[in-house]
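Throughout, a chain's letter reflects where its sequence line sits, starting with A, and its residues are numbered from 1.
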Amino acid sequence: MTVKTRFAPSPTGFLHVGGARTALYSWLYARHHNGSFVLRIEDTDLERSTQQAIDAIIESMKWLGLSWDEGPFYQTKRFDRYNQLIDEMLADGRAYRCYCSKERLEQLRQEQMARGEKPRYDGHCRCCQEEHSPDEPCCVRFRNPDEGVVHFHDHIRGDVEIANSELDDLVIRRTDGSPTYNFCVVVDDYDMGITHVIRGEDHVNNTPRQINIYKALGAQVPEFAHVSMILGDDGAKLSKRHGAVSVMQYRDDGYLPEALINYLVRLGWGSGDQEIFTLDEMIEKFSIDHVSKSASAFDTNKLKWMNRHYIQTLDPEYVASHLEWHMKDQGIDCSHGPKLSAVVKALAERAETLKDMAQQSRYMYEDFTEYDAAAVKKWFKANTGEVLDRCLEKLQQVSQEDWKAENLHPVVEQVAAEMEIGMGKVGMPLRIAVTGRGVSPGIDVTMELVGRARTLERIRQAREKLASA
RNA sequence: GGCCCCGUGGUCAAGAGGCCUAAGACAUCGCCCUUUCACGGCGGUAACUCGGGUUCGAAUCCCGACGGGGUCACCA
């Protein structure tokens with residue numbers, strides 16, 4: 001049997017990290033077993049589904065690199081199929097028309113709650129179908145079995161059992177004629193030959209009733225695995241108040257897709273003490289049975305650590321391609337200045353995100369007039385004028401083609417030696433003059449990146465500022 | 001409230017009855033390195049929710065309590 005999994009989001013909002021992790025697990029499972037992966041958009045809720053959400057989900061999937069083999073399928077395009085099946089079920093009693101008013105249902109619910117019972121449909125319309133005329137408005141309900149228990153083996157949670165007496169006859173076609181989720185998923189997973197349904201924990205309770213529908217349809221019941229939720233740093237349910245929750249937000253905040261994927265795969269799953277996984281390693285080692293049953297808290301700190309790891313270890317050219325996006329996002333024009341891959345190499349150890357990196361490299365592309373006040377206060381001393389003069393003099397002698405960190409480094413050493421002061425007393429004023437700030441990569445590398453003309457000009461500029469102060 | 005699920009450091013987790021005096025990672029603290037900021041290196045603090053069983057032996061199996069979450073729609 002060829003494994004076939006799917007990711008089936010409802011397009012009522014962006015793709016959040018919980019959904020992304022479920023998609024990842026589903027994707028990994030398929031890839032691990034050499035199976036295929038389907039993307040299906042569950043848009044039966046006409047009210048809440050939006051094209052914007054569909055676009056955001058697809059963009060997120062692509063950014064993450066979760067490629068699908070089939071789809072995207074849309075449930076709204078399959079209404080004929082669902083209705084055909086519902087009509088067949090209606091014909092032989094596997095489903096029935098329900099004429100109960102919203103008011104009656106509401107009252108029923110109130111009464112049950114008042115009695116401390118679980119609110120559920122009482123099966124009122126199971127009989128007496130002939131009392132109603134065929135054109136009277138009604139919805140259609142699935143005739144759920146009354147007796148027995150539904151049992152299934154969940155690949156993550158183990159054996160789960162729910163008594164049929166806990167279930168009621170759920171609506172499968174609304175009064176407006178549109179089929180509902182619980183029916184559509186079953187039909188789709190059946191029609192599409194899905195062998196393993198990997199989805200969020202919030203669906204465990206739906207599973208038994210869906211299994212009853214599979215059986216009513218004479219369909220083979222697939223395997224199930226329900227992935228637990230992701231919580232915020234504080235252990236509470238993840239929400240906007242926790243900052244980033246959507247995949248696209250992580251892109252915007254400067255995370256590499258590799259980092260998010262690696263973080264997500266480790267959140268709720270582990271393989272020995274390994275933390276870093278290449279995609280191939282994940283595919284090879286991933287096992288759904290080892291996914292944690294308990295909910296896990298999203299730890300942005302660890303994500304940052306992973307992000308740094310990938311910024312440092314991935315091919316600088318590749319990282320630069322992502323950095324370019326952020327440079328544009330920050331409005332920095334990189335057409336004149338160092339190559340982005342060189343920026344990546346210089347800043348990889350000091351930036352936790354690409355957004356950071358873009359901000360930290362601004363002075364390499366743009367001139368400035370303001371200096372970091374705290375840095376100036378701490379490092380600009382009485383001898384700073386002399387330091388800058390001596391540096392300028394020696395730097396001017398370095399030609400454009402020799403303008404490399406290895407040739408720039410001795411300048412700082414020489415000035416420090418000549419003046420009999422520590423390297424920091426030379427490097428820091430120079431750094432502030434060249435970058436305007438107290439933080440940058442090694443001063444030699446920094447000057448190389450800023451470039452000869454800009455470096456010399458900035459030292460002169462600082463010198464003037466000092467003289468006038 | 002009914003039903004379902006979950007419970008190892010602050011966080012993610014390893015752990016499948018003896019190898020547990022409980023890995024590793026992130027975070028945190030200290031030291032070292034150091035021209036800034038970082039990186040890096042070394043070391044420290046820190047956990048089996050509780051109570052009963054079963055067993056020669058329990059983090060691991062069973063029961064219960066407590067705590068947390070999910071779900072109870074003509075949403076998905």
Peer 1: Given B:C75, is OP1 or OP2 found less than 4.0 Å from the side-chain N or O atoms of A:T12?
Peer 2: no

Peer 1: Working to the nearest 0.5 Å, report the span between CZ of A:R126 and SG of A:C98.
Peer 2: 11.0 Å

Peer 1: Ignoring the backbone of A:V439, work out which of B:C74, B:A25, B:C37 is nearest its side chain.
Peer 2: B:C37

Peer 1: Can you identify which nucleotide, out of B:C74, B:A38, B:U11, has its nearest atom closest to the A:D299 side chain?
Peer 2: B:U11

Peer 1: Taking only side-chain nitrogens and oxygens of A:S294, does any of them come within less than 4.0 Å of OP1 or OP2 of B:G68?
Peer 2: no

Peer 1: Distance check: side-chain N/O of A:T180 vs OP1/OP2 of B:A76, anything under 4.0 Å?
Peer 2: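 It does not, given that no N or O in the side chain of A:T180 lies less than 4.0 Å from OP1 or OP2 of B:A76.
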
Peer 1: Identify which nucleotide among B:G70, B:C74, B:A38 has an atom closest to any side-chain atom of A:R350, counting heavy atoms from C-beta outward.
Peer 2: B:A38

Peer 1: Would you say B:C5 has OP1 or OP2 under 4.0 Å from some side-chain N or O of A:K293?
Peer 2: no

Peer 1: If I pick the P atom on B:G69 and the same atom on B:C74, what distance separates them, to the nearest angstrom?
Peer 2: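 Rounded to whole Å, the distance is 26 Å.
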
Peer 1: Using whole Å, what does the distance between atom P of nucleotide B:C5 and atom CZ of A:R199 come to?
Peer 2: 16 Å

Peer 1: Any side-chain N or O of A:R109 below 4.0 angstrom from OP1/OP2 of B:A73?
Peer 2: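 Yes, within the criterion.
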
Peer 1: Could you measure between the two C1' atoms, the one in B:G57 and the one in B:C19, and give it in whole Å?
Peer 2: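 Rounded to whole Å, the distance is 14 Å.
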
Peer 1: Quick one: A:I230 CD1 to B:G68 C1', roughly how many Å, whole number?
Peer 2: 17 Å

Peer 1: Measure from the side-chain heavy atoms of A:R141 and tell me the nearest of B:A27, B:G1, B:C74.
Peer 2: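 From the listed options, B:C74 comes nearest.
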
Peer 1: Nearest to the A:N206 side chain among B:A27, B:A76, B:U35, which nucleotide is it?
Peer 2: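 Among B:A27, B:A76, B:U35, the one nearest the side chain of A:N206 is B:A76.
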
Peer 1: Between B:A58 and B:A22, how far apart are the P atoms? Round to whole Å, please.
Peer 2: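 Per the computed distance, 16 Å lies between those P atoms.
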
Peer 1: Does A:R308 make a side-chain N or O approach to OP1 or OP2 of B:C39 shorter than 4.0 Å?
Peer 2: yes

Peer 1: Is the base of B:A76 touched by the side chain of A:D202 through a donor-acceptor pair closer than 3.5 angstrom?
Peer 2: no

Peer 1: Please tell me which of A:V204 and A:E349 maps to the more 5' nucleotide of RNA chain B, matching each residue to the nucleotide holding its nearest heavy atom.
Peer 2: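 Closest to the 5' end, via its nearest nucleotide, is A:V204.
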
Peer 1: Check every strand shown and say whether A:M229 touches a base, only sugar-phosphate, or nothing at a heavy-atom separation below 4.0 Å.
Peer 2: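 Sugar-phosphate, no base atom in range.
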
Peer 1: Base, sugar-phosphate, or nothing: which does A:H203 touch, judged by heavy atoms less than 4.0 Å apart?
Peer 2: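 If one applies the 4.0 Å heavy-atom cut-off, A:H203 turns out to touch a base.
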
Peer 1: Indicate, with a heavy-atom threshold strictly under 4.0 Å, whether A:G422 touches base, sugar-phosphate, or nothing.
Peer 2: nothing

Peer 1: Could you check whether any side-chain N or O of A:R174 sits under 3.5 Å from a backbone N or O of A:P179, counting only pairs where one atom can act as donor and the other as acceptor?
Peer 2: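 Pair found, side chain donor or acceptor close to backbone of A:P179.
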
Peer 1: How many whole angstroms separate atom NZ of A:K425 from atom P of B:U35?
Peer 2: 12 Å

Peer 1: Assign the ring pair A:H226 / A:F152 to parallel, tilted or perpendicular, where the plane angle (0 to 90°) is split at 30° and 60°.
Peer 2: perpendicular

Peer 1: Tell me whether the rings of A:Y250 and A:F298 are parallel (<30°), tilted (30 to 60°) or perpendicular (>60°).
Peer 2: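 Because their plane-to-plane angle lies in the 30° to 60° range, the rings of A:Y250 and A:F298 count as tilted.
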
Peer 1: Just by distance, do the side chain of A:Q330 and the backbone of A:I332 share a donor-acceptor pair under 3.5 Å?
Peer 2: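 Here the side-chain-to-backbone pair does not exist.
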
Peer 1: Determine whether a donor-acceptor pair (one donor, one acceptor, N or O, separation below 3.5 Å) exists between the side chain of A:R48 and the base of B:C75.
Peer 2: yes

Peer 1: Please report the distance, rounded to the nearest Å, between CZ in A:R266 and C1' in B:A23.
Peer 2: 12 Å

Peer 1: For B:G53 versus B:A59, give the span between their P atoms, rounded off to a whole number of Å.
Peer 2: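 So the two P atoms sit 15 Å from each other.
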
Peer 1: Check for a donor-acceptor pair, side chain of A:R266 on one end and backbone N or O of A:Q274 on the other, with a separation under 3.5 Å.
Peer 2: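 Confirmed, A:R266 side chain pairs with A:Q274 backbone.
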
Peer 1: In terms of the angle between their ring planes, are A:F380 and A:Y371 parallel, tilted or perpendicular, with boundaries placed at 30° and 60°?
Peer 2: tilted

Peer 1: Identify which nucleotide among B:C72, B:C74, B:U36 has an atom closest to any side-chain atom of A:P119, counting heavy atoms from C-beta outward.
Peer 2: B:C72

Peer 1: Side-chain donor or acceptor of A:E201 under 3.5 Å from a matching atom on the base of B:G69?
Peer 2: no

Peer 1: What interatomic distance, in whole Å, is found between P of B:C42 and the corresponding atom of B:A47?
Peer 2: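 Taking atom P in both B:A47 and B:C42, they lie 24 Å apart.
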
Peer 1: Any idea which of B:C75, B:C4, B:G24 is nearest the A:N205 side chain?
Peer 2: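 Side chain of A:N205 sits closest to B:C4.
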
Peer 1: Quick one: does A:R157 reach the base of B:C5 with a side-chain donor-acceptor pair under 3.5 Å?
Peer 2: no

Peer 1: Can you tell me if A:R97 touches the phosphate of B:C74, counting only side-chain N or O atoms and a distance under 4.0 Å to OP1 or OP2?
Peer 2: no

Peer 1: Can you measure A:Y121 atom OH to B:A73 atom C1' for me and round it to whole angstrom units?
Peer 2: 14 Å

Peer 1: Considering only heavy atoms and no angle criterion, is a donor-acceptor pair shorter than 3.5 Å present between the side chain of A:H290 and the base of B:A16?
Peer 2: yes

